Each structure stands twice: as C-alpha cells, then as structure tokens.
Amino acid sequence: SEHPTTGWDRPSMRRCWELLDLTSRSFSSVIKGLEGDLARVVCLFYLVLRALDTVEDDMTLPSHVKQPILRAFHQHTLTTGWNFTDSGPNEKDREVLVDYAVVVEEIRRLPAADRDAIVSIAQKMGVGMADFAERAESYAANQEKTEKRGAWAGEAKDDGKYLLTIASYELYCHYVAGLVGEGLSLLFAASGKESPLIAHQLELSNHMGLLLQKTNITRDVREDVEDGRFFWPREIWGNPKYGKFERMEQLCEATPKLAERPSAAFKEKAALAAANGVGQEQALYVLNAQILDALRHATPSLDYLRLLRNQSTFNFCAIPATMAMATLEICFNNPKVLGGNVKIRKADAAGLIMRSTNPREVSLIFREYARRIHARVTPRDPSFTGISVACGKIEQWC
Ligand code: PS7
Ligand code: MN
Ligand code: MN
Ligand code: MN
Ligand code: MN
Ligand code: MN
C-alpha cells in the first residue's frame with residue numbers, strides 16, 4: 001500500500017500527482033523516486049513553479065495582467081480557492097493554473113518550514129521574472145528607438161528585447177533556475193535526509209541550476225526565437241570574433257527549419273548570409289561559445305553532488321545533470337540546433353538514468369561527454385582554446 005504521507009488518500013493530492021504527470025516531461029519520475037514525504041513536497045514545489053512559469057511564458061497576457069500576477073504569485077499560492085483561467089489556449093500547462101486551488105490546498109497543509117521555503121522562492125522568482133518581462137514590454141513600446149542603438153558594445157543596461165551581457169543572462173538564469181536549486185536544497189535540509197549545511201551552499205546549488213537552464217536555453221534556441229524570446233546574451237552572439245550578427249534572429253536565418261527542404265531561394269539567401277559574416281558557420285561558432293559558457297557550471301555541479309548523502313536525492317539531482325551534459329554534447333557544433341530541436345536518444349537517456357547513482361560514476365559520465373566535445377572542436381573555432389581548457393578541467397575533476 002502507498003505511504004500515507006504521500007497523500008494518496010486525499011483527492012486534492014491525487015490531482016496534484018496527475019498534474020505532475022501532465023506537465024512534467026523530465027522531472028515526474030525522478031520526483032516520484034524521492035524518499036517518503038520529500039516526493040510530495042517537491043511535487044508541490046514543482047507545480048508552483050510550473051504554474052508561475054506558465055504565466056511568464058504566456059505572450060497573450062497583457063502586461064497589466066501578467067505583472068501583478070507574477071509579483072503576487074507567492075500570495076496567491078496561500079490563498080484558498082485561487083486559480084487563473086485566462087491563460088492563452090495554446091499554453092500547454094494551463095491546467096495547473098485552472099486547477100491551482102488544489103495546489104494551494106496542499107501547500108497550506110505542509111509543515112511551516114517547507115511551505116515557507118516554497119513561498120519565499122516563488123516570491124523571488126516571480127519578482128525576477130516580472131522585472132525581466134517588464135524590460136521586454138518597454139522594448140515593444142519603444143521598438144524603433146531601441147533598434148537604432150549600436151550593436152555589440154557591452155552596454156551596461158539591457159534594451160529589453162535582447163539580454164546584452166553575460167551578467168544579465170546569469171541573473172535571469174538565477175531567477176528561473178538557480179533559485180530552484182536553492183529551494184530544493186532548503187527542502188532537502190528540512191527533510192533531515194541531507195545535512196543542514198546543504199541549505200547554505202547557495203553558490204553550488206546556483207551552478208547546478210545554471211547548468212540545466214543554460215543547456216535548455218541553448219538547445220531551444222530555434223523554438224524560442226520563433227516565439228519572440230531571446231535568451232542568448234548579445235555579449236556572446238554579437239562578439240565580432242564569431243561573426244557579424246546584429247540581431248539574434250540571424251543565428252537561425254541561414255539554417256532551414258528541421259525536416260524542411262531548403263528552396264533554391266533559401267540556399268541563395270544562406271550563401272549571401274555566409275558572405276556577410278552571418279552564415280551557418282558563424283552561427284555554429286556562437287552556438288559553441290554558448291556551450292562553452294554552460295560548461296563552466298559542470299565542475300561546481302559535481303561538487304554539489306558530492307555533498308549529497310541520500311540515495312534518492314542524489315539520483316534526483318544527478319539525472320538532470322548527466323542529461324544536461326549529454327544534451328550539450330549532441331548540441332555541440334550541430335546545425336540541427338539552429339534548425340529545430342535536438343533531443344537525446346531514448347536509449348541514451350535510459351542508460352543515464354541507470355548509471356547516475358553515485359558521484360564517481362557521474363564524474364565518469366561528465367568526463368566522457370567532455371572528451372567527446374573536446375575531440376570535435378576544430379582549431380578554426382574561436383572557442384578552440386576555451387573549449388579545450390574547459391573540457392580538460394572536467395576530464396581531470398574526478
Ligand atoms: C522543483 C524539480 C538540483 C540543486 C517549472 C531542477 C522552466 C531547466 O523549455 O520544463 O520551458 O520546457 O524542460 C523543478 C538544482 C522551474 C532547475 C526552469 C522546477 C537544479 C520554473 C530546473 C522546474 C534546479 C522555471 C525545466 C530549471 O525546464 O523547460 C523542480 C539542483 C520549473 C533545477 C523553468 C527550467 C526547468 C529548468 P521548457 P523545462
Ligand atoms: Mn520541457
Ligand atoms: Mn519561462
Ligand atoms: Mn517555460
Ligand atoms: Mn526551453
Ligand atoms: Mn518551452
């Protein structure tokens with residue numbers, strides 16, 4: 001029979017487990033694998049953040065609706081009966097918001113330490129998302145004016161449409177993923193299954209979140225650009241050592257959409273782009289620079305994993321991390337990233353789930369992917385030295 005504390009006896013918690021399966025492609029099984037109560041607590045944390053992210057992602061919501069919801073989401077999370085039914089019909093996870101009252105009901109039942117951790121992370125994340133969304137909004141309002149500003153110059157302030165600096169890219173990733181790592185560490189410590197010290201390893205848990213988020217943002221570039229979302233920082237893609245990109249959209253323009261046959265006109269356009277320094281070869285240099293930037297988080301993530309003592313929390317953290325390394329490896333220098341979405345093969349994913357059970361094995365997996373990237377970088381690539389050094393460091397870490 002089910003462990004009583006996982007809440008199978010309550011209709012509201014049953015619905016929450018269903019919502020987890022409906023909305024999570026990668027986290028549902030690792031969350032269910034957590035020991036005892038931690039599975040239920042992390043499931044609820046996931047649903048709160050999934051709901052918040054659905055509001056953030058909904059480009060059909062006007063700013064005067066989106067802004068206050070993001071900023072007060074932590075309060076809604078404690079308000080009995082609260083829900084939100086106005087998400088755009090295309091939001092894939094809108095059900096979590098429509099049924100949010102069951103999440104609220106279960107959050108209110110949690111021990112205070114768990115509830116406070118979840119609510120305070122939701123507050124910080126919601127405010128961070130709102131701040132970034134506000135920039136995009138002010139861009140749309142002043143579109144002409146902003147587009148006339150110079151290209152890559154390392155300006156201190158983001159212009160709204162694009163993230164300008166690596167620092168602002170990291171701040172955005174901190175809000176949407178570093179804070180998840182921080183919250184999970186708080187919940188691990190509160191459960192007593194991990195040392196209380198893990199809750200204070202904010203730098204390491206942030207690195208772990210950034211490894212995952214930067215991998216996701218790098219892999220999803222085509223889909224995100226087509227949706228009008230520009231997460232790669234101009235400090236990387238606008239750097240003249242890779243090409244002559246003035247708009248982030250140009251990174252995908254010289255590559256046909258995956259599974260579509262390029263027309264003669266398209267090929268002509270792509271050749272012209274190459275001649276102008278904004279072709280596929282240059283876009284791949286930018287992609288590889290994005291991957292190099294993500295790889296900086298690999299060794300600190302291994303350090304974080306080494307602090308874990310519980311088998312179920314270890315698996316929960318290690319599986320997404322090895323998946324991220326596998327994703328960086330298939331994305332490296334791969335034109336398919338610019339044309340659409342690449343995914344790890346099912347069998348490879350299954351192998352990683354089996355193997356990601358102890359720090360030594362995980363270090364070996366990281367080393368293997370680092371070696372493969374290392375072996376594929378060419379001296380022509382402006383990131384050649386950087387990639388070699390970064391991969392060498394990962395290969396030496398265990
Ligand atoms: C609470 C497990 C383990 C110390 C909803 C796990 C979207 C990459 O492209 O949904 O939108 O489909 O595939 C997860 C650190 C966060 C960071 C972030 C909460 C690791 C809201 C996950 C997941 C910290 C913002 C999934 C960062 O991407 O993206 C729980 C340690 C949610 C973790 C988002 C992204 C997660 C993400 P897409 P996905
Ligand atoms: Mn996803
Ligand atoms: Mn989002
Ligand atoms: Mn999203
Ligand atoms: Mn994504
Ligand atoms: Mn998405």
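Fair warning: this is a prediction, and the values are worked out from it, not measured in the lab. Both counts, for ligands and for their atoms, begin at 1 and track the order of listing.
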For this session: Please confirm whether Arg50 comes within less than 3.5 Å of ligand 1 when only nitrogen or oxygen atoms on both sides are compared.
Result: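 Yes.
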Exercise. So is there a nitrogen or oxygen of Asn216 less than 3.5 Å from a nitrogen or oxygen in ligand 1?
Worked result: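 Checking ligand 1 against Asn216, an N or O pair does fall under 3.5 Å apart.
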Any salt bridge linking [X] with [Y]? Criterion: basic side-chain nitrogen under 4.0 Å from a carboxylate oxygen.
| X | Y | value |
| --- | --- | --- |
| Arg50 | Glu95 | no |
| Lys269 | Glu253 | no |
| Lys241 | Asp381 | no |
| Arg15 | Glu105 | no |
| Glu134 | Arg71 | yes |
| Arg371 | Glu368 | no |

For this session: For residues Trp237 and Phe230, establish whether the separation of their ring centroids is below 6.0 Å.
Result: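 Centroid distance Trp237-Phe230: not below 6.0 Å, so no.
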For this session: Assert yes or no for the condition that the ring centre distance of Tyr172 to Phe231 is strictly below 6.0 Å.
Result: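 They qualify: ring centres under 6.0 Å apart.
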For this session: Output yes if Asp224 passes the N/O/S-under-2.8 Å test against the Mn ion (ligand 5); output no otherwise.
Result: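 Of the N, O and S atoms in Asp224, none lies under 2.8 Å from the Mn ion (ligand 5), which means no.
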For this session: Take Tyr100 and Phe84 through the ring-ring contact (aromatic ring centres under 6.0 Å, His included) test and state the conclusion after the steps.
Result: CA-CA 7 Å; Tyr100 203 67; Phe84 182 71; over 10 Å; no
Can you tell me the N, O or S atom of [X] that's nearest the Mn ion (ligand 3)?
| X | result |
| --- | --- |
| Glu56 | OE1 |
| Asp57 | OD1 |
| Asp53 | OD1 |

Exercise. Nearest non-hydrogen atom to atom 4 (C) of ligand 1 belongs to which of Phe45, Phe188, Tyr304?
Worked result: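 Ranked by closest heavy atom to atom 4 (C) of ligand 1, first place is Tyr304.
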Exercise. Given Leu34, Asn206, Val180, which one has a non-hydrogen atom that is nearest to atom 17 (C) of ligand 1?
Worked result: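 Going through Leu34, Asn206, Val180 one by one, Val180 has the nearest heavy atom to atom 17 (C) of ligand 1.
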For this session: Please say whether the positively charged group of Lys193, taken as NZ for Lys or CZ for Arg, lies over the ring of Phe188, i.e. under 6.0 angstrom from the six-membered ring centre and within 45 degrees of the axis.
Result: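 No; the conditions do not both hold, so Lys193 does not lie above the ring face of Phe188.
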For this session: Using a 4.0 Å heavy-atom cut-off, say whether Phe27 meets ligand 1 through its side chain, its backbone, both or neither.
Result: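 Within the 4.0 Å criterion, Phe27 contacts ligand 1 through side-chain atoms alone.
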Problem set entry | Proximity to ligand 1 by part of Asp220, non-hydrogen separation under 4.0 Å |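 The side chain, only.
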Counting each atom of ligand 1 from 1 as listed, which ones have a heavy atom of [X] under 4.0 Å away?
| X | answer |
| --- | --- |
| Asp53 | 7 (C) |
| Ala177 | 24 (C), 27 (C) |
| Leu184 | 3 (C) |
| Gln213 | 8 (C), 18 (C), 27 (C), 35 (C), 37 (C) |
| Phe316 | 2 (C) |

Exercise. Out of curiosity, is Pro320 lining ligand 1, as in a heavy atom under 4.0 Å away?
Worked result: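 It does not, in that no heavy atom of Pro320 comes within the 4.0 Å cut-off of ligand 1.
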For this session: Please work out which of the three classes, parallel, tilted or perpendicular, describes the rings of Tyr175 and Phe132, given edges at 30° and 60°.
Result: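 Phe132 and Tyr175: perpendicular rings.
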Problem set entry | Name of whichever N/O/S atom of Asp220 is nearest to the Mn ion (ligand 5) |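 The Asp220 atom nearest to the Mn ion (ligand 5), restricting to N, O or S, is OD2.
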